[in-house]
Each structure stands twice: as C-alpha cells, then as structure tokens.
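What follows is a short report on a single structure.
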Amino acid sequence: MTREAPGFYDHGELVAVLTTQPLDRTLDYRAPEGGCHLGAFVEVPLGPRKVAGVVWGPGKGDFDLSKVRHVIRVLDVAPMRAEMQEFLQRAGDYTLTPMAAMLRLATRAPGLGDPPSMRKVYRPGAATPDRMTDARRRVLETFEEYGGLAFTLKELSEHAGVSSSVVKGLVKQGAVTEEDTPRDLPYAYLDPARPGADLTADQAAAAEVLRAGIRDGIYGTTLLRGVTGSGKTEVYLEAVAECLRQGRQALVLLPEIALTEEFLRRITARFGTQPAEWHSGVTMTERRRAWKMVGEGGCQVVVGARSALFLPFRDLGLIVVDEEHDSSYKQEDGVLYNARDMAVLRASICDAQVVLASATPSLESWTNAEAGKYRRLDLTSRFGEAVMPELRAIDMRSETLPSNRWISPTLQRAAEARIAAGEQALFFLNRRGYAPVTICRACGHQIGCPDCDARMVEHRFLKRLMCHQCGETAPMPEACPACEAEGKLAAVGPGVERLAEEAAALFPEARIATLSSDMFGSARALKAEIAAIGAGGADIIIGTQLVAKGHNFPLLTLVGVIDADLGLQGSDLRAAERTFQLMRQVAGRAGRAEKPGTALLQTFQPEHPVIRAILGGDEEGFWRAEAREREQAGVPPFGRMAGIVISSTDPQEAFDAGNDLARRDGPIRQAGAQVFGPAPAPIARIRGRHRVRLLVKAPKGTALQPAIARWVAQVRGSANLRLTVDIDPQSFF
Ligand code: ADP
Ligand code: ZN
C-alpha cells in the first residue's frame, strides 16, 4: 500500500539526496532495496565515505546513470515532512544560506542513525525479600508512592535514600525486576485541563483572542504587549493550553538559557509536569530524545533557544517568541537568521499561530501591528499591587563627582534609603569587566587585541585582559608593551567590576552581588546566584544587561542606570531603539511585587528625545517618532538592507575584492537597489582577518535575495577570501 503513496520511490528508482556536505546541490542515488519515502533520512556513499542526507525529491538524471550508486540504508527516524523541506528551502533562500547548512541546522542531534540505545530500568517484582531491612522497605515504598513507575538505578536509589547495592540485592531475590528499555522515551503528559490562574479582565480577554486563533487552525501572528509583570506569560500559557487541547504541539522560545529554569517551573505548575528543553545546556542524550519525540509526537511542548525552530515537529500549532525584541534572536555567526522572522515563516507554512511577547517590541513588530499584518493585544496594568516605577533623570552636569567615580550623590542617597528599608537597589551598567580601556600614562598607548581591532578589556575577577570580540585573553602586563615604562598602566572608564568596587567603598555595610555573564562558570551557578538574590541574598545588585531580562526580584525597588547615554550615540540605526528597550526593561525590574519602585537615569543629555520618551513613559510617542525617522531615511523596516562582509588575512585582497564587487553592481542596480562601500567594517579586524563591508539598500518590496545571489557569485579570489551575506543586519560590525 505504502508504495502507491505519493513520494515513495521503489528499489532502483533515481532519487535526489541533500547531504550535510558543503556541496551546493543535491546528488542522485538509487533507492535502496525496499524503497524509500520522500524525506527519508538516509546514509549514502560519497567518494570513499558514508554521509547522512535526506531524500529531497526525484533524481535529476544529470549524472552518468551507470555510475549512480545505491542509498546504503534508511535511518530509523521519521522522514522529514514536506512542510519542513519547504521551511528549510524558504529560510535558506531568504538568508542566502546553502541548503547543506540549513540541513545541518535541522539535524543538530547526535546519533540519529544509531539504533535506539537501551538502559536498565527497575520495577517492583513478584517475590518478597527473605529479610526486610529499613533500606529495603524504603525501596519498595518508593515504588508504591509512584504507582509502580519504572526508575533508573540512580533515580531509585536517590528517591529511596539507599545505596545501589541495596537495589541490586533486591533484584537478586526477585523482589525488584531489572529490564532493558529504549532510552528515547516519550515525555510525560502535560495536562491542559488543569486550572490556570484566575485572570484579570484584560488578561482574560487577551487569552480568549489567542485561544480563538488557535481554534481556527490557521496562521496568524499576535503581538502581545504589556509591561513586565502584566501577566503576558500567564496569558500565553492559556494559548499553549488551547494548543494542547487541540492535540497540537507548542514551542516557546526564550532569549536566554538562564531564564529557562524559572519558566519550566511555571509550565510544571500549570500543566503538571516538565516539557522538553532544547538549548546548548541540554545533554546530548536529551537532545536526541527531544529531536526524536518531537517528530514522533511523544512531546507536546518544547522550551528552548532559537535553534528549536528547526526541530522536526509533527504538528506544530503555536510558537511563542518571548521578549521578541531581544537581539539574541538574531544569530550572529554561522547561519545568519532572525528567529523571530523565521518563527513567522515556519508558522505560516504549518498553519500555526505566533505570539510575540514583549514589554518593548521591536520597531519591526510594532510597524507590522500598525499596518494590520499582526494582531495586537495590550495588557495595560501590572498584575496585583505592582505599579510602573517612577522614572527620573539625574542630570550629571549638576552632580559633583571625584574622578573615577560613577555613582552620583543623588543615586547614593536614594540607594541608602532603600537599603535601610530592607529593600534592594540595582546599579545597571552594560559593560562587562573592570575597565573598558587600559592606557599607559607615560606614552598614551592603549592596549589592543593582537588579532582584532578592539581594545582589550581588563577583567580583575579573572585577573586578565580580554578581547570582547574574539575572546582572546592575556595576563595584565607589568610594563607598557609600547614604551616599556613600568607601573604606568591605568584603567580608564567603568565596567561592572569597577562599579562593584566603588559601591563597596560607598556602602561598606551592604551585601553586594555582581551579575555579569562572564563571572559564572556555568549556567547553573548563574541560576543559583539569581535565585539567591531574588530571595533577598543581596542589598545591592550590580549588573550588565543580563539583569534586564525577565528575572523576578521581588525586593528590588530602586534601579540606578549608571550611564543612560551609553548607546545613544553610534552609527547603528537601532541605537535609539535598543537604548529605549534596555532602559525600559531595566526600569521594569523595579517594584515588581507589592513595593513601588523608582528608576533613576544618570545622563548628561536629559533633553535627548530617547531619554525624554523613557522618562515620559510615552512609548507610542517614541515608536511613532522613530518610525518617522526611519521611513524618511528609507531604512528597515521601511526599506530593505543587506550587509556583505568580505574578509581575508591579506588586507589588500579584501579591499580589492570589495572594490571589484562594488564596480560590478549591475545585478543590484537592475533590481532597483544601491550599493554603498566598500569601507572598512566597523570592526576592521577580527581573529586576524581584515574585514571590508558593503551595504545594500533597497526600497521595500524589492526582490533583493536573487539579485544579491547573482551579484556575489561574481567574486573571485583566493581560498583565503571569505564572503558572508547578512540579510536584515541587526548589528553593524
Ligand atoms: P510578564 O510575563 O508580563 O512579565 P507574568 O505573567 O510573569 O508577567 O506575571 C508577573 C507575575 O504576576 C507572575 O508571578 C505571575 O504569576 C503573576 N500573575 C500575573 N497574572 C496573574 C493572575 N491573573 N493571577 C495570579 N498571578 C498572576
Ligand atoms: Zn580580539
């Protein structure tokens, strides 16, 4: 029967196989004995090797038929669905990524071709042990308590509080059975019938709109806007519940692994058990399990990082992109894609709903909502007692500070008052390390990275200098590398570590915690620290943008933004938007529970439009003004852009190639677009490679990708030359 199904190839028929090898086309093979389905994961011979691939369609027949070899075997996993093939194809076309690289994204789980591995599990046996000890009784009671569920040896001995030899002894006596079962087990059932929170009127109204969207079973995107603490998560969990009731799968994307733990707790509270996790902190075994179960339907909800978009869902009905404006959704190396945009693409292919949740949406999403492409739901008030914090500027022009001090007297007094009341204060500075610049007071030399065009940042905590571009580190030198004068190197400017030092001097009694991503060895250590702070383990929190994300600190009532001007200047077209989002979010940290909060912004430019919009709480006003400026300039989201970076270890080669490309801009001009550059990229050297950048600007609606593909295909250079295309670039380096 299956042989008549569409997309089945009989033994010997020609099939086109897409492999993960860097070849920019499919290869023809003959279907193996027993035939194979369209989308089947297969192993094929390539030269002397065996490589993995997917049956992509009928063979092209453009290769000497007598030389076409057979598919070696079909792997024991569900075939790739047609919608996944379409998604990879369209995402690849959009981002100008070779299909092999797209396929690698979709197969990021180890050992997919392996036979299912087994593990030993333990259940109650029929016999009674000859002698009943306390330890033995605890083992048998553990089974009763969990209704006879199977345990691994480790789980069972931990739950019962006994050593594994106790369990082994019971096995010998037949009181416990030991059996082999496949490792990749389905996930426990998440129950949508369990009651959710009692929603407020506007939460309930928003939830109903989302539920109705899911019930319709068609594609749609909703921007769910509401200040931090307004209950966006509660609301979209109702959409997840509806999705589960419909028997479909849901994916929730979070911008930061450190947020996963708290979120998993909420899912567990709502649906009774844990969903699947997918991010770099998940073990390989669990990854493989998630990948397989998602495809076989043994998994209802995945919580994960952006790459979870490429999991082989069987029936995806909902994608939530939490903190949708977060810049970490844009992949900045490897395949350059924006997870928010790809979520919308994927959902539109599989008739799913998308929820974009944010307190401060991206201008892209705001504009799409204004234009009616997205639905927009606003949660207007914070849940319960919490209110939006009071926002004020501290005009740094009228504060008197000694040099190398950054906490103004006004901020200091405010913090003292909060700490005296048993509350917490947060000092926010978006700069890791101790000092951004190390300068020689004898000759003026600034220590730079040997491989990049970036300054080395001093990290006292790690006792090293570090390049934030390439990660290169070096010990702090005694003498200036340029003039060799000793003891003349001085730190210039503040980083969070230096700020912590200043705070310790100003608040000798206070407990100070510094939260910066580089100060914790592991995601777990960071999570533990965040939990301890939330429970009141610190009086002052010093943090980078890590604290701006969704952590809940109920005792936090004062936020001091050390340098609100940082990020206002700069050539990046999103500088104002980013500053606005970051400041609003940091301010949103204050007073989440019942205590009202205050946010104080230290600035030298209190009249700057962004600072004024933040202080006035006039978000719509800010977005309208920002939209008007971008529209006039014809830049995203009102025009299209692409960045081309050409790099080489030889600076001349990079420049020559850039100039050559700029001269051959025929395909770009024919499409109605324009080329700017080449210019040295804002960071002109990374890891020893010299970088030249061209920008393409086009009116909205231009078919930009085919033009760029034709254009860059003209580049010829040594093997040393690299070219990357970034469609819709987010940052400009
Ligand atoms: P957001 O996602 O907008 O930041 P959350 O959904 O996390 O907001 O809500 C903030 C806090 O308020 C959470 O602790 C949440 O459990 C609680 N909360 C929000 N709405 C309700 C509600 N209707 N009933 C009970 N608790 C709620
Ligand atoms: Zn470097």
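Read the numbers this way: they start at 1 and go in the same order the structure lists the ligands and their atoms.
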Report task. Applying side-chain hydrogen bond (donor to acceptor under 3.5 Å, both in side chains) between Trp366 and each of His325, Glu626, Glu620, report the one that passes. Result -> Glu620
Query raised in the report: Is it true that Asp322 lies under 4.0 Å from ligand 1, counting heavy atoms only?
Result: no
Query - Heavy atom of Ser230, distance to ligand 1 below 4.0 Å - result: yes
**Report entry** Interfacing atoms of ligand 1 (cut-off 4.0 Å, heavy-atom, Val227)
**Finding:** 3 (O)
Query - Donor-acceptor pair between Asp326 and Ser328 side chains, under 3.5 angstrom - result: yes
Query - Phe313 six-ring face occupied by Arg346 cation (under 6.0 Å, within 45°) - result: no
Query raised in the report: Can Arg287 be said to sit on top of Trp278's aromatic six-ring, NZ or CZ under 6.0 Å from centre and within 45° of the ring axis?
Result: yes
Report task. Compute whether any side-chain donor of one residue and acceptor of the other, for Tyr337 and Asp728, lie under 3.5 angstrom apart. Result -> no
Query raised in the report: Considering Glu323, Arg266, Arg225, which one's heavy-atom position lies nearest to atom 7 (O) of ligand 1?
Result: Arg266
Requested in this report: Could you see which bit of Asp198 sits under 4.0 Å from ligand 1, with heavy atoms only: side chain, backbone, both or neither?
Outcome: backbone
**Report entry** Location of contacts on Val235 toward ligand 1, heavy atoms closer than 4.0 Å
**Finding:** neither
Report task. Using a strict cut-off of 4.0 Å, indicate which atoms of ligand 1 neighbour a heavy atom of Gly231. Result -> 1 (P), 3 (O), 5 (P), 6 (O), 8 (O), 9 (O), 19 (C)
Query raised in the report: Any ion pair linking Lys232 and Glu324 (charged N to carboxylate O, less than 4.0 Å)?
Result: no
